[in-house]
Amino acid sequence: MPELRKKYPFDVIEPKWQQHWLANKTFAAREDTGKQKLYVLDMFPYPSGAGLHVGHPEGYTATDIYCRFKRMRGFNVLHPMGWDAFGLPAEQYAIDTGTHPAITTCKNIDTFRRQIQSLGFSYDWDREVDTTDPEYFKWTQWIFLQLYKKGLAYEAEIPVWWCDGCKAVLANEEVNADGTCDRKGHKEVYRRPLRQWILRITKYAERLLADLDQVNWPESIKEQQRNWIGRSEGAEVDFKTEDGATLRVFTTRPDTLFGATYMVLAPEHPLVEKFKNPAVEAYRTAAAKKSELERTQLEKEKTGVFTGAYAINPVNNEKIPIWVADYVMMGYGTGAIMAVPAHDTRDFEFATKFGLEIRPVVEGGDLPFIGEGTAINSGLITGLPTPEAKKKITAWLEAQKLGKATVNYKLRDWLFSRQRYWGEPIPIVHCAKCGTVPVPENELPLCLPEMKDYSPSGNAEPPLAKATDWVNCKCPQCGGPGKRETNTMPQWAGSCWYYLRYIDPQNAGAFVAKAKEKYWMSVDLYVGGAEHAVLHLLYSRFWHKVLFDLGHVSTPEPFMRLINQGMILGEDSRKMSKSWGNVINPDDVVREFGADAFRMYEMFMGPLEATKPWNTQGLEGLYRFLGRVWRLFCDEDGKLLVDDSTPTAALMKVLHQTIKKVTDDTEVLAFNTAIAQMMIFVNEVTGQETRSRALLEPFVLLLAPYAPHLAEELWERLGHKPSLAYMPWPQYLEALLKESTVQIVVQVNGKVRDRLDVPVDIPKEDLEKLALTNEKVKESVAGKQIKKVIIVPGKLVNIAAG
RNA sequence: GCCCGGGUGGCGAAACGGCAGACGCAUCGGACUUAAAAUCCGAAGGGGUGUUAAAACCCCGUGCGGGUUCAAAUCCCGCCCCGGGCACCA
């Protein structure tokens, strides 16, 4: 494809202003109590080897326009950028090539920084953070220790995916649906219990749920978080096995206790051990091999085995059989249920398949009836409607010490450790005498050891276990021999609190200075992809609340307002992917059309939140628009055309309409319609002879947040000192927007019959008379009776006739 | 299965009770040019009546079917399709 002739010298202008902004620290933020603060945050990227994707600049441009706009409106804006740089690809590359992940990471960050800077975003680059920088992760480790000291971090044996072929732990997403290993296709993948670090996020479940009401987030994201937390109210009830052991269950329907005809234990339930029975053993082993997917989606048909044992129902002392089935999950409730097939779809299916008794105890519909109704055949609660029945039976259980009202959450504690090299070391020492001992805070950061070989050790130990010089250490408490924790933190850790570090990135004595934190928090606007709807946002909120409880931060919630930018699809309306060959490279776009055209096109494509396909011809349209703007100011030799003529009233009106529309729309992030209005303005002025300064100068300021390089250049050529970044935003004059006449639509029965040009302040009566005497109206209502005349001042007259 | 979004010209979209399709792309016509590109000016939802041509006028149109209203893309009810998330949570 031949190089297009440039429509304006963006290739000169853009680097010029990027350097100007960097050299002059134009966008450096300082605490300034005289101004209203505004903290606008982008979700920082993982600097992958593939470089920037066109999806990244979408959100970044949106926040950049908003920040530039707000600066001109007098706000003190904090707008930083950084790198979420720990992650698997660099580690895998290290395993394959022996290159230290830090080298790969550094190289990728340089690429990302160059690409991001080539788009002219107004970040305060002095605040750049990198999660892999020891000066950064020192504080990630410090926060972990605060969690640990507060009893929110603990160790437990929990099952993780283990691949015998790879001799390594696999992440959930590395296990295929068919139970094979996604990395090498090995078949010997199963869950095996391993010691893990876990964070007690469930302790914050209630507040994480309740405080969602405080934040201005998309309702869908809040809903996803609510569902993830999954609060449900019910009761725990103690059944007894025949040999006297307690078998505790959780139920949301204690009112159906009299309908329990059998019990089910999850295969992993500890009590299952007691039933030495080959069928049970076989079932258990098989269940351990099934992937989560098989256990849930693929396995429509329920399976299970009878243990041979019985439990006693505490409400009626009835003996009911105990089964093991994998439709009961160990991770929820107590891992055991009382099955009430008459009133639970799953139990009903199971009971039907295995011929178990189905006993109705709630009246109200066909079985399985899961709704509310009236209790029947239920002893002391017979005859009560469901809500009362629940209350009464729960009170009775409590009085008998057989159970109690309980709230349960789907949310599980956060599995925090990874059997990986490229992550923050968990700052804990294991000592035979003292147990787990935190690394003293003054010894942080605890850095990763240099290694020759980054591959997993093969005996379920993380790669760090091979760095014996590093692992063996003194116990900080007793001075005896100790061993360092060899698990590392997950990628989420660094991104849990980066928004706080931006506030005070160089601070060596604290993760953030109190006064600065108080000034800048909370984040006023947070923009990023919807893929982080649950985990990143939930984990951040959790850490933030812990820091809040410890008095380290001043707000209960980190992100007051959240917006998800929509996905950008390929030109073929499919997800951009190498395999489709439809990936657009930002570098190519910038080289050919310039950053300003790129930015404006991405904003013009449609509403920020919408998913929309890329269209290179659409991009060219915006490029053409910027060329038109350029020619409004300069002739072919770049000579300024602007004069000091007085603009016509009509053009002044367009200008002020444009100021109003661009102001209002930018404020609510409706960038596409703001750009459309600027196009209308340019179309109007292009058709005129004069190039009035009074018209064009305010326009440059309106354009500045959108096409900042071009605007700065024009501003300078207009004879101003750079930069315009803090020039006051133009104000529109209401008086200039007023029309003297207005076009009124005349409808008959809702159909437009004519249009009238009338004075804006025409009295209603006159308007009605005009409408009724109108020739076309008379035609339309001929032979009909006029029933009603509706007059909407300044808009229309509608005559209902029939 | 459940919970969110969303269906408007050839395409991206705008309008969010009051003239449907602003703005842009693609298309077509004109000007400029030896010619093209670029640029500028103009046309354009579909169908019909009309006329030398135009003007003008009429009808139909916002996924489908109902409803509310003087007036519905917009509000209500029921369905269909597309995208995203969750998924045996007791």
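Numbers restart at 1 for each chain; the letters A, B, ... are given by sequence-line order, proteins then strands.
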Sugar-phosphate only, base, or nothing, as touched by A:Asn672 at under 4.0 Å among non-hydrogen atoms: sugar-phosphate

Presence of donor-acceptor pair under 3.5 Å, side chain of A:Lys787 and base of B:C70: no

Centroid-centroid under 6.0 Å between A:Phe598 and A:Phe593 rings: no

Span that lies between the C1' atom of B:C59 and that of B:G67, in whole angstrom: 24 Å

Interatomic distance, A:Leu212 CG vs B:C4 P [rounded to whole Å]: 16 Å

Of the listed nucleotides B:A90, B:C19, B:G18, the one nearest the side chain of A:Gln743: B:C19

B:C81 versus B:G63 - spacing of their C1' atoms, nearest Å: 7 Å

Sugar-phosphate, base or nothing in reach of A:Gly333, heavy atoms under 4.0 Å: nothing

Gap in Å between the two P atoms, one belonging to B:U62 and one to B:U51, rounded: 32 Å

Sole candidate of A:Trp614, A:Tyr623, A:Phe671 that passes ring pair (Phe, Tyr, Trp, His ring centres under 6.0 Å) when paired with A:Tyr601: A:Trp614

Side-chain donor or acceptor of A:Thr741 paired with backbone N/O of A:Asp757 under 3.5 Å: no

Pairwise P distance, B:U8 and B:G65 [rounded to whole Å]: 16 Å

Shortest side-chain distance from A:Arg628, nucleotide among B:C70, B:A14, B:C40: B:C40

Distance in angstrom units between A:Phe625 CZ and B:U39 P, rounded: 14 Å

Sugar-phosphate only, base, or nothing, as touched by A:Leu796 at under 4.0 Å among non-hydrogen atoms: base

Touch class at under 4.0 angstrom, heavy-atom based, for A:Asn683 against every strand present: sugar-phosphate

Touch class at under 4.0 angstrom, heavy-atom based, for A:Lys795 against every strand present: sugar-phosphate

Candidates B:A14, B:C19, B:C88 - which lies nearest the side chain of A:Pro607: B:A14

Same-atom distance (C1') from B:A14 to B:C2, integer angstrom: 34 Å

Atom of A:Met338, atom of A:Leu257 and distance for their closest heavy-atom approach: SD-CD2, 3.3 Å

Sugar-phosphate only, base, or nothing, as touched by A:Thr345 at under 4.0 Å among non-hydrogen atoms: nothing

Residues A:Arg248, A:Asp238: salt bridge by 4.0 Å N-O rule: yes

Distance, P atom - from B:C25 to B:A35, rounded to whole angstrom: 26 Å

B:C75 versus B:C58 - spacing of their C1' atoms, nearest Å: 30 Å

Validation row, ring centre A:Phe306 to ring centre A:Phe354 under 6.0 Å: no

Nearest listed nucleotide, side chain of A:Thr251, among B:C88, B:A90, B:G18: B:A90

Protein-nucleotide distance (A:Arg755, atom CZ; B:A56, atom C1'), rounded to Å: 13 Å

P atoms of B:G47 and B:A54, separation to the nearest Å: 16 Å

